[in-house]
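This report concerns only the one structure given below.
All values derive from a computational prediction rather than experimental measurement.
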Amino acid sequence: MRAQLARIDAVLVQALIAAALSFAHLHDVASAAGQDGWKAWAYPVSVDLLLVAAWRRLRTGDAKAAGWCWFVIALTASLGANVATAGLLDLEQVPAWLRILVAGWPAVAFLGGTLLAHSTPAPHEDTEDRQDQEDAPDPAPELPAQPAPEPTPAPPAVTVPAALVEHARKVAAEHHTRTGTVIDTPTLRARLGVPAPMAEAIAAHL
């Protein structure tokens, strides 16, 4: 337990040291760029708050692209101040572009903080939207229109020669005399050797 507390304390102390150094560097850059008094101390507070807001957005899992964007902007401002005060920039002769960046930072920080704080939908609204979607009945699927059945073409009329009809009557009479029954169409067809449509047309004439 003590070892764990020691590790936590060491991390906390390291974080506090890093935050204090970054805070002081941002103050020095703002002061060198013409922001004196309380305004120079407000700049590091603004950068750190934007970092915290962006980090919280990344932890929540909502709109991570916006969170990463503003986190990189705030981190760049913090790292830029650390590098600038490491002897790479003459704080007695601050260039004009740095003065412009420092002067424009409050508007950038205000925009980023506002977007990060107010772009997340309320949980109850999201829950109600999901509930409305679940309660809405699914529309009945529309069945595709069935094509109208094509009319069945009427069979072509079969012309039966009179001589064939006469011969068929003789065959039918002979069949009736021999069997005592009326000849049926299949038998008539077999005796005459004609196609089925022709046999049916002949049977209609008998």
Side-chain angles (χ1 to χ4, degrees), residues 1-139 141:
M1 184 67 178
R2 291 182 178 179
Q4 184 178 3
L5 289 176
R7 287 195 299 268
I8 295 176
D9 291 343
V11 172
L12 181 59
V13 170
Q14 178 66 23
L16 290 175
I17 293 174
L21 291 174
S22 179
F23 197 91
H25 292 159
L26 285 165
H27 169 270
D28 293 344
V29 170
S31 179
Q35 307 296 327
D36 54 354
W38 67 268
K39 292 183 289 184
W41 292 108
Y43 274 84
V45 174
S46 173
V47 173
D48 289 345
L49 288 179
L50 186 58
L51 272 172
V52 172
W55 177 248
R56 290 188 60 183
R57 173 54 56 85
L58 293 176
R59 293 293 299 273
T60 59
D62 297 328
K64 284 192 174 183
W68 276 115
C69 177
W70 290 108
F71 183 82
V72 170
I73 291 175
L75 186 62
T76 302
S78 180
L79 290 176
N82 296 337
V83 173
T85 55
L88 300 180
L89 181 66
D90 185 6
L91 296 181
E92 298 298 331
Q93 299 293 332
V94 177
W97 60 266
L98 182 57
R99 293 179 180 271
I100 294 174
L101 289 179
V102 172
W105 173 256
V108 174
F110 175 77
L111 176 63
T114 303
L115 292 177
L116 290 173
H118 298 288
S119 61
T120 304
H124 70 278
E125 294 179 356
D126 185 57
T127 304
E128 292 178 357
D129 292 341
R130 290 198 300 267
Q131 186 65 31
D132 293 340
Q133 294 177 0
E134 293 176 357
D135 295 340
D138 295 334

Once you round to the nearest 0.5 Å, how far does CG of L116 lie from CG of L49? 11.5 Å
Counting C-beta onward and ignoring hydrogens, is there a side-chain heavy-atom pair between W105 and I73 closer than 4.5 Å? yes
If I take atom OG1 from residue T114 and atom CZ from residue F110, how far apart are they, to the nearest 0.5 angstrom? 4.0 Å
Are side-chain heavy atoms of L50 and W55 found at a separation under 4.5 Å? no
Taking the side chain as every heavy atom from C-beta outward, state whether W70 and L58 have any atom pair closer than 4.5 Å. no
Supply the atom-to-atom distance L26 CG to D28 CG, rounded to the nearest 0.5 angstrom. 9.0 Å
Side-chain atoms of residues 31-45: list all donor-acceptor pairs with protein atoms under 3.5 Å, sequence neighbours left out, distances to 0.1 Å.
unit_1	atom_1	unit_2	atom_2	d
W41	NE1	H27	NE2	3.4
Y43	OH	V102	O	2.7

